[in-house]
Amino acid sequence: MKTPLRLIAARIVTDFAVGSLAVVVSYWIRYSLNPGHIKPTGGEAPDLHHYLPAAPAVGLLLVVVFAAMGAYRYRRGLQYIDELFATLGALIVTAVVVLAAMGLYREPSFEFSRLVFVDWVVVAGVLLALARYALRRLQARGRKRGVGADRALVVGWGAAADLLVQRIRMFPDYGYQLVGILADGLRPVEELAGVQVLGHVDELPAVVGKGGVDVVFMALSDVSSERLLTLMESCEETGVEFRIVPSMLEIMTTQVTADHLDGIPLLQFRRGLDIDRPSRAFKRAFDVVCAALGLVLLSPLLGLIALLVKLTSPGPVLVHQERVGLEGRVFRMHKFRSMRVDAERATGPVWASPGDPRRTGVGRVIRRLSFDELPQLWNILRGEMSMVGPRAERPNFVREFLGRLDRYQDRLRVRPGLAGWAQANDLRGQTPVEERLIYDLYYIENWSLAFDLKILLITLFRVWTHKNAY
């Protein structure tokens, strides 16, 4: 894996600047923004020259603490929300160190303001969040052009390799640029999802030997350990990294837990889903609070959307669709109408598609921003849905999926959600249901309140960036 030295250096420089600038901004907020009632006890604001020398010292202290806590350790594919939580956690530790340094500082006629310190924590937190987001966007843009990305070769064919290729192409933020695929067996096609099939698996040493490959993903199904080691050893002197993708990828992501014994990885299959009553009650209480607050706080927006829908196209403001919920019970889900009244007269129930002509002008906008889903807060309050969970599907789709997808029944053991782990990863629209199922089952088996909060925060960001809402 390429170590992104420029990214790490950019984070260090940015953090130093943020820590220093936040001191000056906090001084300005405390003594200049509203000087009428925030004067210090003596009635005179301290001169800025007391704080200016402290600014770079605080910035340096922030960088040192962040480095000690591993904030500059590169972790591929870390989502922004996870990085933000880790950054804010490091900031809290830095604040404790800064507060201790303030207590040790001694000058007869001056002491640093505790209110300035509080302002510094808030300002630094906001600036760090914005800086991290800006750096991630710059890095993502570069990786889409191949800058700083590892050139990846996929070796294998089948479900695991197919899913891996889709994920690499879907999420360039992970920093991989596909250069080709080596198929196991006869070459069935010239390319897969736009990626060139370069040849047979046995041609791996020759392909790697030509250069232009940084990492090889071994996604071979039912391959012996001897053959796998032989392939890896044949490329031993090339310096290429090897990553092994489990042949049972769909099961591995949902039914296996990981542990270790003194460094030895141990995998254990779960004994089915385990959703206890206290967890259900806790999740339900969280749903009620969020839905009630949402209906109250968003009432002006809900009223505006209803007015726009009514004024711009004939028909009702809301549509009421039958959906399948907890334990297979059918309920009526509410949405703002975003399509013509006769949208399904000719086709029956079908998924929306890019450029769908059935959408109204306002519907195009509210579907893009997912605002058409907001009336489902009422479904959540009634107990038919949850804030976070698998997407509620229509009965005809559920019957189809139950007949051909193993473990699809497990989705019905929780309430469907307004937001979901699959949707947070931009798996929506006409994304294959097999892919969504993997994410839905992972969510069900790894539920926690922190996971729900993470999904909700990701969803808020995705509203402006997702590609598959139409």
Side-chain angles (χ1 to χ4, degrees), residues 79-81 84-85 126 129 275 279-310 316-326 329-339 352 362-394 411 414-429 439-440 443-444 447-466 468-470:
Q79 296 197 29
Y80 173 69
I81 296 300
L84 181 59
F85 284 162
V126 172
I275 307 173
S279 295
R280 287 182 182 272
F282 193 63
K283 183 174 174 63
R284 178 61 187 147
F286 175 76
D287 289 339
V288 170
V289 172
C290 289
L293 287 176
L295 286 171
V296 173
L297 298 178
L298 296 177
S299 56
L301 176 61
L302 296 173
L304 176 61
I305 295 174
L307 181 62
L308 290 174
V309 171
K310 189 65 177 178
V317 169
L318 297 175
V319 293
H320 314 283
Q321 296 178 340
E322 286 192 341
R323 298 292 176 113
V324 179
L326 180 65
R329 292 191 290 270
V330 177
F331 68 97
R332 297 185 74 196
M333 188 179 78
H334 313 297
K335 300 176 66 174
F336 282 120
R337 184 174 58 83
S338 59
M339 295 190 175
V362 171
R364 187 177 299 109
V365 176
I366 63 175
R367 288 181 73 91
R368 180 69 180 81
L369 298 175
S370 299
F371 286 174
D372 61 319
E373 311 279 356
L374 291 178
Q376 291 163 36
L377 291 170
W378 179 248
N379 291 114
I380 296 172
L381 205 59
R382 285 171 52 88
E384 297 160 336
M385 292 180 62
S386 174
M387 288 297 297
V388 181
R391 178 179 175 82
E393 298 290 0
R394 302 172 81 166
R411 292 176 82 256
V414 297
R415 290 183 178 88
L418 177 64
W421 185 225
Q423 289 71 40
N425 285 279
D426 215 13
L427 301 183
R428 48 190 296 169
Y439 283 79
D440 289 338
Y443 165 76
I444 293 170
W447 175 83
S448 68
L449 179 59
F451 198 10
D452 273 4
L453 291 173
K454 173 181 174 178
I455 291 172
L456 290 173
L457 289 173
I458 292 174
T459 301
L460 291 176
F461 284 106
R462 282 283 184 192
V463 164
W464 313 105
T465 61
H466 53 54
N468 295 317
Y470 34 77

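Quick caveat, the model's predicted, so the values are computed rather than measured. Throughout, numbering of the chain's residues begins at 1 and tracks the sequence.
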What distance do [X] atom [atom1] and [Y] atom [atom2] have between them, rounded to the nearest 0.5 Å?
X: Ile81; Y: Ile458; atom1: CD1; atom2: CD1; answer: 6.0 Å
X: Asp452; Y: Leu457; atom1: CG; atom2: CG; answer: 11.0 Å
X: Arg332; Y: Arg382; atom1: CZ; atom2: CZ; answer: 10.0 Å
X: Met385; Y: His334; atom1: CE; atom2: NE2; answer: 10.0 Å
X: Phe371; Y: Lys335; atom1: CZ; atom2: NZ; answer: 14.5 Å
X: Ser338; Y: Glu373; atom1: OG; atom2: CD; answer: 8.5 Å

Which atom pair, heavy atoms only, marks the closest approach of [X] to [Y]?
X: Leu84; Y: Ala129; result: CD1-CB, 3.6 Å
X: Pro390; Y: Val414; result: CD-CG2, 3.5 Å
X: Ala424; Y: Ile455; result: CB-CG2, 4.3 Å
X: Glu322; Y: Val330; result: CB-CG1, 3.9 Å
X: Asp440; Y: Ala422; result: OD1-CB, 3.8 Å

Are Tyr443 and Phe451 close enough that their ring centers fall under 6.0 Å?
-> yes
Test item: [X] side-chain N/O and [Y] main-chain N/O as donor-acceptor pair under 3.5 Å:
X: Arg367; Y: Asp372; result: no
X: Arg323; Y: Ala392; result: yes
X: Asp287; Y: Met387; result: yes

May I ask you to test the [X]-[Y] pair for a side-chain heavy-atom distance under 4.5 Å?
X: Leu418; Y: Thr459; answer: no
X: Leu293; Y: Val296; answer: no
X: Ser386; Y: Lys283; answer: yes
X: Leu302; Y: Phe336; answer: yes
X: Glu384; Y: Gln376; answer: no

Hey, mind stepping through Leu308 and Ile305 against side-chain contact (heavy atoms from CB on, under 4.5 Å) and telling me if it holds?
-> CA-CA 5 Å; Leu308 290 174; Ile305 295 174; 5.6 Å; no
Side chain to side chain contact (heavy atoms under 4.5 Å, CB included), paired with Leu295, selected from Leu374, Ile380, Leu381 | Leu381
